[in-house]
K.L.:
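To start, I am sharing the structure in question, which I have written as structure tokens.
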Amino acid sequence: MSAAPNGASEVGKAGGASEPTVLDLGLPQPVRDPALPDRVRIHEVGARDGLQNEGALVPVEVKAEFVARLAATGLRTVEATSFVHPKWVPQLADAEELMPRLAGLPAQYPGLRLPVLVPNERGLDRALAHHATEVAVFASATETFARRNLNRSADEAMAMFRPVVERAAAAGVPSRGYLSMCFGDPWEGPVPVEQVVRHGLALLEMGCVELSLGDTVGVATPGHVNTLIDAFTRSGAPVERLAVHFHDTYGQALANTLAALRSGVTVVDASAGGLGGCPYAKSATGNLATEDLVWMLNGLGVETGVDLAALTATSGWMARHLGRPSPSRTVRALLGPAD
Ligand code: HMG
Ligand code: MG
């Protein structure tokens with residue numbers, strides 16, 4: 001490791017870490033649950049939500065290899081990076097260098113989508129200049145987090161996103177809308193369901209094709225998840241346009257995901273190896289680990305298209321680069337003793 005400009009350490013270059021071994025147990029034994037969808041689309045956020053919160057600065061070639069490896073596991077939506085202000089998220093300040101390294105992947109993996117986060121028109125300009133084909137804006141259901149994460153009120157942030165979404169659509173680029181702090185806020189406490197629905201509908205109405213309901217600090221529980229999704233669908237939001245984004249701070253992410261699937265949601269955000277957090281919400285730990293999600297969905301007979309062994313090997317490889325074990329229970333259980 002070497003010292004990086006902001007005091008974080010720089011991890012090794014691509015190829016520096018050897019390949020981990022992954023156990024093949026022939027498990028879990030699939031037992032179908034008829035209340036669940038046949039297929040779930042995983043929106044992989046490890047390269048963005050995961051790496052944005054790492055103390056280590058990951059070299060751009062390691063990031064490019066990480067995204068390529070994620071695509072090779074069968075994941076078809078791999079969030080690549082963010083075009084935010086580089087001072088706000090130095091870990092992703094290399095977005096311009098990363099994008100050209102990913103340019104060949106969609107031809108190699110048909111159907112692969114590589115969305116990027118953009119907070120404003122400046123971010124959109126940067127993303128379009130680097131041929132992004134999908135973007136995501138990120139709003140907050142609470143005032144405090146809007147101020148901390150976007151330096152403006154929640155409504156001012158919405159006003160900032162509207163031209164982004166409209167200009168992206170005019171360029172043929174769909175926008176996803178994230179909404180943070182949907183289930184509770186570390187500064188404001190409980191967040192009224194109606195307040196969350198009001199902000200979420202605003203994102204859909206401005207033209208976001210999908211709304212990802214964020215449990216930024218991992219405080220949701222399954223009944224709350226059902227209540228929020230029901231409130232959205234009763235307010236006219238089609239369940240097909242909803243996604244869920246659970247951080248796993250209190251160990252509830254998988255239970256919350258199952259609740260969301262039972263409510264009709266079929267798009268789930270997850271992060272390879274459980275990497276992640278949010279630099280502007282101290283209590284946000286990693287996202288739901290993609291491997292833990294795939295293990296559960298394999299057991300429930302729900303299709304994801306993801307090769308769990310390849311994904312586990314990828315997270316083991318990244319854990320070696322980062323110099324710490326993956327927080328994913330499934331990764332830890334399936335990796336050989338050397339990891
Ligand atoms: P600001 O300081 O208010 O920006 O930051 P501004 O509009 O006043 O502009 C100030 C300067 O920044 C200007 O430069 C702009 O050009 C420049 P100057 O004229 O002074 O030379 N600037 C930019 N430069 C590069 N790229 C840009 C950009 N925008 C302005 N995009 C801003 C406002 C939104 C930019 C800032 O607050 C920011 O970048 N925030 C991002 C924070 C972030 O990325 N957080 C993590 C992602 S959200 C998350 O993780 C939650 C999620 O996972 C869901 C969940 O878990 O809940 C999605
Ligand atoms: Mg997040």
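Whatever order the structure lists them in is the order used to number ligands and atoms, beginning at 1.
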K.L.:
Go through ligand 1 atom by atom and flag the ones less than 4.0 Å from a non-hydrogen atom of Leu150.
P.N.:
33 (C), 37 (O)
K.L.:
Relative to the Mg ion (ligand 2), which of the N, O or S atoms in His245 is the closest?
P.N.:
NE2
K.L.:
Quick check on contacts: which atoms of ligand 1 are under 4.0 angstrom from a heavy atom of Asp49?
P.N.:
50 (O), 53 (O)
K.L.:
Answer with side chain, backbone, both or neither: which part of Asn287 has a heavy atom less than 4.0 angstrom from an atom of ligand 1?
P.N.:
neither
K.L.:
Going by the closest heavy atom to atom 38 (C) of ligand 1, which one wins out of Tyr178, Phe145, Trp88, Phe83?
P.N.:
Trp88
K.L.:
Give the atom numbers and elements of ligand 1 that come within less than 4.0 Å of a heavy atom of His245.
P.N.:
53 (O), 54 (C), 55 (C), 56 (O)
K.L.:
Please list, in number order, the atoms of ligand 1 under 4.0 Å from a heavy atom of Asn149.
P.N.:
37 (O), 40 (N), 41 (C), 42 (C), 43 (C), 45 (N), 46 (C), 48 (S)
K.L.:
When you check the gap from the basic side-chain N to the acidic O, do Glu194 and Arg234 get nearer than 4.0 Å?
P.N.:
no
K.L.:
Run the salt-bridge test on Glu121 and Arg126 with the 4.0 Å N-O cut-off and return the result as yes or no.
P.N.:
no
K.L.:
Using heavy-atom distances only, which candidate in Leu213, Val217, Val164, Asn120 approaches atom 35 (C) of ligand 1 most closely?
P.N.:
Asn120
K.L.:
For the Mg ion (ligand 2), does an N/O/S atom of Asp49 lie at less than 2.8 Å?
P.N.:
yes
K.L.:
Rounded at 0.5 Å granularity, tell me how far CG in Leu128 sits from CZ in Arg167.
P.N.:
6.5 Å
K.L.:
Which of the numbered atoms in ligand 1 are below 4.0 angstrom from a heavy atom of Val89?
P.N.:
43 (C), 44 (O)
K.L.:
With heavy-atom distances below 4.0 Å as the criterion, list the atoms of ligand 1 near Asn151.
P.N.:
1 (P), 2 (O), 3 (O)
K.L.:
Quick one: sort the Tyr178 and His43 rings into parallel, tilted or perpendicular, breaks at 30° and 60°.
P.N.:
perpendicular
K.L.:
Report, in ascending order of atom number, the atoms of ligand 1 lying under 4.0 Å from any heavy atom of Val84.
P.N.:
26 (N), 27 (C), 31 (N), 39 (O), 41 (C), 44 (O)
K.L.:
Can a salt bridge be assigned to the pair Glu210 and Arg241 using a cut-off of 4.0 Å between side-chain N and carboxylate O?
P.N.:
no
K.L.:
Quick one: does Arg48 get a heavy atom under 4.0 Å from ligand 1?
P.N.:
yes
K.L.:
Could Arg32 and Asp38 be called an ion pair, given the rule that one side-chain N must be under 4.0 Å from one carboxylate O?
P.N.:
yes
K.L.:
Under 3.5 Å between any N/O of His247 and any N/O of ligand 1: does that happen in this structure?
P.N.:
yes
K.L.:
Out of the candidates Leu308, Asp292, Leu261, only one should pair with Leu297 under the side chain to side chain contact (heavy atoms under 4.5 Å, CB included) rule; please name it.
P.N.:
Leu261
K.L.:
Do NZ/NE/NH1/NH2 and the carboxylate oxygens of Glu134 and Arg176 come within less than 4.0 Å?
P.N.:
no
K.L.:
Any N/O of Asp215 closer than 3.5 Å to an N/O of ligand 1?
P.N.:
no
K.L.:
Calculate, to the nearest 0.5 Å, the distance between atoms CE and CD belonging to Met296 and Glu291 respectively.
P.N.:
14.0 Å
K.L.:
Using a strict cut-off of 4.0 Å, indicate which atoms of ligand 1 neighbour a heavy atom of Arg152.
P.N.:
3 (O), 7 (O), 33 (C)
K.L.:
Using the side chain to side chain contact (heavy atoms under 4.5 Å, CB included) definition, which of the options Leu275, Val45, Leu293, Asp248 pairs with Asn287?
P.N.:
Val45
K.L.:
Between Ser180 and ligand 1, which residue portion shows a heavy-atom distance shorter than 4.0 Å: side chain, backbone, both, or neither?
P.N.:
both
K.L.:
Any side-chain heavy-atom pair from Leu242 and Val267 closer than 4.5 angstrom?
P.N.:
no
